[in-house]
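Since the structure comes first, as structure tokens, the remarks are kept for the end.
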Amino acid sequence: MSSSNYLFLTIVGCGIATWLSRVLPFILLKKFTLPKVVVEFLSFVPIVIMSTMWFSNLFTAQPGQLPEINMEYLIASVPTLVSAVISKSLLVIVIVGIASLALLRLF
């Protein structure tokens with residue numbers, strides 16, 4: 001098999017795996033109802049994912065050194081955190097975060 005065919009099949013396979021992992025839960029959960037505890041637990045998942053992404057970008061680590069704060073991301077975090085407190089909307093938080101970082105990189 002040539003490398004281009006292998007690459008194409010790998011991309012298609014990854015796409016199918018990604019699609020199935022996102023669609024199958026919806027198909028399966030149509031037939032079942034989750035307990036209230038599970039639904040409440042899953043409601044925290046977006047917050048945890050956003051926090052993890054934020055912290056991983058806020059600090060840069062070099063092997064053998066203490067983590068350093070990325071000042072660009074720290075400055076962009078201020079309006080993002082303010083929008084999070086005011087709106088409590090994940091979409092607004094993401095848009096403000098992207099816009100503030102874009103403005104910082106523009107100037």
Side-chain angles (χ1 to χ4, degrees):
M1 179 184 316
S2 69
S3 63
S4 62
N5 285 342
Y6 181 75
L7 180 64
F8 176 73
L9 290 175
T10 301
I11 291 171
V12 169
C14 289
I16 290 170
T18 301
W19 183 78
L20 284 176
S21 68
R22 293 176 186 202
V23 170
L24 277 179
F26 289 111
I27 293 171
L28 294 175
L29 289 177
K30 272 184 166 180
K31 299 179 176 156
F32 303 106
T33 56
L34 295 175
K36 184 180 177 186
V37 175
V38 174
V39 172
E40 187 176 332
F41 174 76
L42 291 175
S43 71
F44 292 107
V45 171
I47 298 167
V48 172
I49 291 172
M50 292 301 294
S51 300
T52 304
M53 291 171 51
W54 180 59
F55 277 110
S56 67
N57 285 316
L58 189 59
F59 298 103
T60 55
Q62 301 291 332
Q65 297 178 359
L66 291 173
E68 296 177 359
I69 295 178
N70 186 332
M71 290 306 291
E72 187 178 48
Y73 286 111
L74 182 64
I75 294 169
S77 296
V78 174
T80 306
L81 288 173
V82 170
S83 71
V85 170
I86 293 171
S87 72
K88 294 179 178 63
S89 168
L90 192 57
L91 180 63
V92 171
I93 295 167
V94 170
I95 289 172
V96 169
I98 291 171
S100 58
L101 189 59
L103 286 172
L104 280 173
R105 289 185 176 173
L106 185 65
F107 298 109

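Since the model is a prediction, treat every value here as computed from it, not as a measurement.
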Neighbour count >12 (heavy atoms, 6.0 Å) for atom CG, Leu66: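 No - once you tally the heavy atoms of other residues, nucleotides and ligands closer than 6.0 Å, there are 12 at most.
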Gln65 atom CD, over 12 foreign heavy atoms within 6.0 Å: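 Atom CD in Gln65 is packed in, count exceeds 12.
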Atom [atom1] of [X] and atom [atom2] of [Y]: how far apart are they, to the nearest 0.5 Å?
{"X": "Ile75", "Y": "Thr80", "atom1": "CD1", "atom2": "OG1", "result": "12.0 Å"}
{"X": "Thr52", "Y": "Asn57", "atom1": "OG1", "atom2": "CG", "result": "11.0 Å"}
{"X": "Leu58", "Y": "Tyr73", "atom1": "CG", "atom2": "OH", "result": "10.0 Å"}

With side chains defined as the heavy atoms from C-beta onward, is the minimum distance between [X] and [Y] less than 4.5 Å?
{"X": "Lys36", "Y": "Val39", "value": "no"}
{"X": "Ile11", "Y": "Cys14", "value": "no"}
{"X": "Val85", "Y": "Leu81", "value": "no"}

Which residues share a side-chain contact (heavy atoms from CB on, under 4.5 Å) with Phe59, sequence neighbours left out: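 Listed in chain order: Phe55, Pro67, Ile69.
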Qualifying salt bridge (Lys or Arg N to Asp or Glu O under 4.0 Å) pairs, either residue in [range], two or more places apart:
{"range": "residues 65-86", "result": "Glu72-Arg105"}
{"range": "residues 74-93", "result": "none"}
{"range": "residues 41-57", "result": "none"}

Do you reckon [X] sits in the same ILVMFWY cluster as [Y], going by side-chain contacts under 4.5 Å, direct or chained?
{"X": "Ile27", "Y": "Ile16", "result": "yes"}
{"X": "Phe44", "Y": "Val38", "result": "no"}
{"X": "Val45", "Y": "Met53", "result": "yes"}
{"X": "Val23", "Y": "Leu20", "result": "yes"}
{"X": "Val48", "Y": "Phe41", "result": "no"}

Side chain Ser87, main chain Ala84, donor-acceptor under 3.5 Å: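 Not at all, since once roles are kept as given, no pair shorter than 3.5 Å links the two residues.
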Under the side chain to side chain donor-acceptor pair (under 3.5 Å) test, residues paired with Ser77 that sit two or more places apart: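 Partners of Ser77 by the side chain to side chain donor-acceptor pair (under 3.5 Å) criterion, ordered by chain and then number, come out as Trp54.
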Taking only distance into account, with no hydrogens and no angle test, what donor-acceptor pairs under 3.5 Å do side-chain atoms of residues 93-101 form with protein atoms, sequence neighbours excluded?
from, atom 1, to, atom 2, distance (Å)
Ser100, OG, Ala76, O, 3.2
Ser100, OG, Val96, O, 2.9
Ser100, OG, Gly97, O, 3.1

